[in-house]
Amino acid sequence: MSILYKIINWVIFLGYWIFITFIIIKILNKRRTIPYSLSWILIIYFLPLFGIITWIFFGELYSDKKKDKIASIILPQTTNWFNSLKINKSFFNIKNSDVASSVFKLCKNRQCLSGIKCNKLELLTSTKKIIKIIIQDINLAKYNIEMVFYIWKPGGIVDEVAMALIKSSKRGILCRIILDSAGSIEFFKSPWVKIMRNSGIQIVEAMKVNLFRIFLRRVDLRQHRKVILIDNYIAYTGSMNLIDPLFFKQSLGIGQWVDIMARMEGPIAATIGIVYSFDWEIETGKRILPIFNVNYKKNNFKNKNVIQVIASGLGFPENMIHQVLLTVFYSAKKRLIITTPYLVPSDDLLHAICTASHRGVKVTIIIPKNNDSLLVHWASKAFFTELLESGVKIYQFKKGLLHTKSILVDNQLSVIGTVNLDMRSIWLNFEITLIIDDKLFSKNLYCIQKEYINNSILINKKLWNTRSIWKKIIEKIFYFFSPLL
């Protein structure tokens, strides 16, 4: 009996180490950064059971074979659609400003599409005002309304959007909505789902969360885009979810969420429409390529803005967001201002930011003083010392949770959208962001960022270096878990 017991022990022991070795080989084969790989290896080594379970659900990017297949089918059709759009040469820019030239060349070479001009573009900052304008556009819609959001939380002014959509659907407007399963869990548990579907609105639950699917793909792979499209002519995107800040996560004591959205009119809506059509077909299997709006040619917008749309997820160029961010940071010559709610950059991005400061660029980062994520709150602080040592100014916004994701380069190039400066946005989630080459728009963005700074506390380098030992230890521990962020 003792021999059998020893054999069983040896089998378990060998099986355990074979499994650990297998996981480590998988981690190393992913060719991510050395700190990223080492973090996972150390987590698995020091916390074996927790590490293995966490890696199975969060470390390996399982793909849905069916969705992969749909994405491969969509791509040729999309290419043909883009080629038909390229016939209208007046929509595309030929030359960019000096600071924008490199990133627009990158986008053109990887996405096969130049930046699009002939658009009306405005920056909106007040959630209440944004919702009011969205409702006006919904009420004036003539053909179709399409939305995708990470979070839709019923209550407050958001219910007014639901009512406007119901009225539009009843008067014959085609309404399609994609909502993330995890982010919009409260919506899918509410009566609104049935009410809206009964009115004719098509609602899709994206990236469904259930026990079976966790073995098919990562549970934290999320549909993180925020997009509204109306009549293939008006488009919105930015950082705002469909929530009422007066009611959203108020129990955390972090204040109201602060966001921005860009509202656009013109042919740029067609490019954003392609992103939406990808998401819709991947979730439903049905193709809805955007219809060319005749008003694209009729508009007389004299704005000089040029816009590129960058998206991540199935069917879109891999690592595109990471490459864009690196190019933008290295393009800065005078000023670089970054706002992000979650500051957990890759080593490459961290070094690009620090290098910009060492080159003499005035680099400013604005983050919320209090965060809705305890992990991020502490992990982000592990980067402060290196940033401060390089001369970067770090401001902590104190009037709520600053949820705006924006980058301003040399008062000319703007980047806004859904992308946070963290691993999840860079490598994992379905995101969308705009790259805008326009001095007037950048001026407006700078005014907003300056207002954020005026409502923030500047981190003092000397005081920061004198913080207690226990705080430094907590920062390092949470930084250790940065692969999960």
Side-chain angles (χ1 to χ4, degrees), residues 70 74 77-78 80-82 84-85 88 91 116 118-121 130-150 152 158 160-180 184 187 192-193 195-206 223 225-238 240-242 261-299 307 309 311 315 430 432 434:
I70 292 173
I74 299 172
Q77 298 293 329
T78 306
N80 292 336
W81 192 93
F82 274 139
S84 66
L85 185 64
N88 303 279
F91 295 163
I116 296 181
C118 304
N119 302 288
K120 181 181 179 182
L121 175 65
I130 295 169
I131 295 291
K132 185 178 179 181
I133 295 171
I134 289 171
I135 290 171
Q136 287 176 355
D137 286 336
I138 289 172
N139 290 335
L140 294 173
K142 296 179 180 179
Y143 310 108
N144 60 300
I145 302 168
E146 294 159 334
M147 295 183 173
V148 54
F149 279 94
Y150 174 56
W152 182 318
V158 174
E160 296 177 26
V161 177
M163 292 303 299
L165 286 167
I166 289 169
K167 288 179 182 177
S168 290
S169 181
K170 286 182 177 179
R171 64 185 175 86
I173 306 301
L174 178 60
C175 299
R176 302 185 184 101
I177 301 173
I178 303 172
L179 299 175
D180 183 79
S184 299
F187 174 86
W192 282 108
V193 181
I195 294 169
M196 292 171 74
R197 282 177 173 161
N198 286 343
S199 72
I201 298 171
Q202 300 176 46
I203 302 173
V204 172
E205 185 177 356
Q223 172 53 272
R225 303 196 229 277
K226 292 97 177 163
V227 169
I228 300 174
L229 290 162
I230 297 174
D231 295 340
N232 301 310
Y233 188 74
I234 298 172
Y236 292 81
T237 193
M240 191 192 79
N241 289 291
L242 273 180
M261 290 288 275
R263 182 186 182 277
M264 296 153 280
E265 294 181 26
I268 191 64
T271 307
I272 297 175
I274 280 292
V275 177
Y276 188 89
S277 70
F278 254 76
D279 291 341
W280 186 265
E281 187 162 351
I282 284 169
E283 294 294 339
T284 68
K286 297 177 182 178
R287 182 158 301 153
I288 55 163
L289 288 174
I291 298 169
F292 190 88
N293 192 310
V294 293
N295 289 319
Y296 294 159
K297 291 184 177 181
K298 292 180 180 179
N299 76 57
I307 309 172
V309 178
F430 286 24
I432 187 167
L434 304 175

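- Residues that satisfy the side-chain contact (heavy atoms from CB on, under 4.5 Å) test with A164, not counting sequence neighbours, are I135, I138, N139.
- When the side-chain hydrogen bond (donor to acceptor under 3.5 Å, both in side chains) test is applied to N241, no partner is found at least two apart in sequence or on another chain.
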M264 and T271: side chain to side chain contact (heavy atoms under 4.5 Å, CB included), yes or no, with the steps? CA-CA 12 Å; M264 296 153 280; T271 307; over 6 Å; no
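- Contact detail for S184 and F149: the closest heavy-atom pair is OG-O, 4.3 Å.
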request  = Check the pair K167, I173 against side chain to side chain contact (heavy atoms under 4.5 Å, CB included), reporting the backbone distance first and the verdict last.
outcome  = CA-CA 9 Å; K167 288 179 182 177; I173 306 301; over 6 Å; no
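- For the ring-ring contact (aromatic ring centres under 6.0 Å, His included) test, no residue two or more places apart in sequence or in another chain qualifies with Y276.
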Practice task
Kindly indicate, with the supporting measurements, whether the criterion side chain to side chain contact (heavy atoms under 4.5 Å, CB included) is fulfilled by L434 and V309.
Solution key: CA-CA 5 Å; L434 304 175; V309 178; 3.9 Å; yes
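- Note: F430 CZ to I282 CD1 = 5.5 Å, rounded to the nearest 0.5 Å.
- For D231, there are no side-chain hydrogen bond (donor to acceptor under 3.5 Å, both in side chains) partners two or more places apart in sequence or in a different chain.
- With sequence neighbours excluded, the residues that form a side-chain contact (heavy atoms from CB on, under 4.5 Å) with K132 are Q136.
- S277 places a side-chain N or O within donor-acceptor distance of the main-chain N or O of I274, the cut-off being under 3.5 Å.
- To the nearest 0.5 angstrom, D279 atom CG is 10.5 Å from T284 atom OG1.
- In this structure R176 satisfies the salt bridge (charged side-chain N to carboxylate O under 4.0 Å, His left out) test together with E146, sequence neighbours excluded.
- Remark: L165 CG to I177 CD1 distance equals 5.0 Å, nearest 0.5 Å.
- Scored by the side-chain contact (heavy atoms from CB on, under 4.5 Å) test, K170 finds I166, S199 as partners (sequence neighbours excluded).
- Partners of M261 according to the side-chain contact (heavy atoms from CB on, under 4.5 Å) rule, which considers only residues two or more places apart in sequence or in another chain, are I130, Y236, M240.
- The CD atom of Q202 lies 12.0 Å from the CE atom of M196; values are rounded to the nearest 0.5 Å.
- Of all the heavy atoms in E281 and R287, the pair that sits closest is OE2-NH2, 2.8 Å.
- Scanning both residues, A162 and W152, for their nearest heavy atoms gives CB-CZ2, 3.9 Å.
- Under the rule for a side-chain hydrogen bond (donor to acceptor under 3.5 Å, both in side chains), Y150 has no partner lying at least two apart in sequence or in another chain.
- Looking at W280 and V148, their side chains never come closer than 4.5 Å, going by heavy atoms from C-beta outward.
- Here the closest non-hydrogen pair linking F187 and V193 is O-CG2, 3.1 Å.
- A distance of 4.5 Å separates CD1 of I432 from OG1 of T237, quoted to the nearest 0.5 Å.
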Can you list the steps and then say if N232 with Y143 is a side chain to side chain contact (heavy atoms under 4.5 Å, CB included)? CA-CA 9 Å; N232 301 310; Y143 310 108; over 6 Å; no
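- A distance of 8.5 Å separates CD1 in I131 from CD in E160, rounded to the nearest 0.5 Å.
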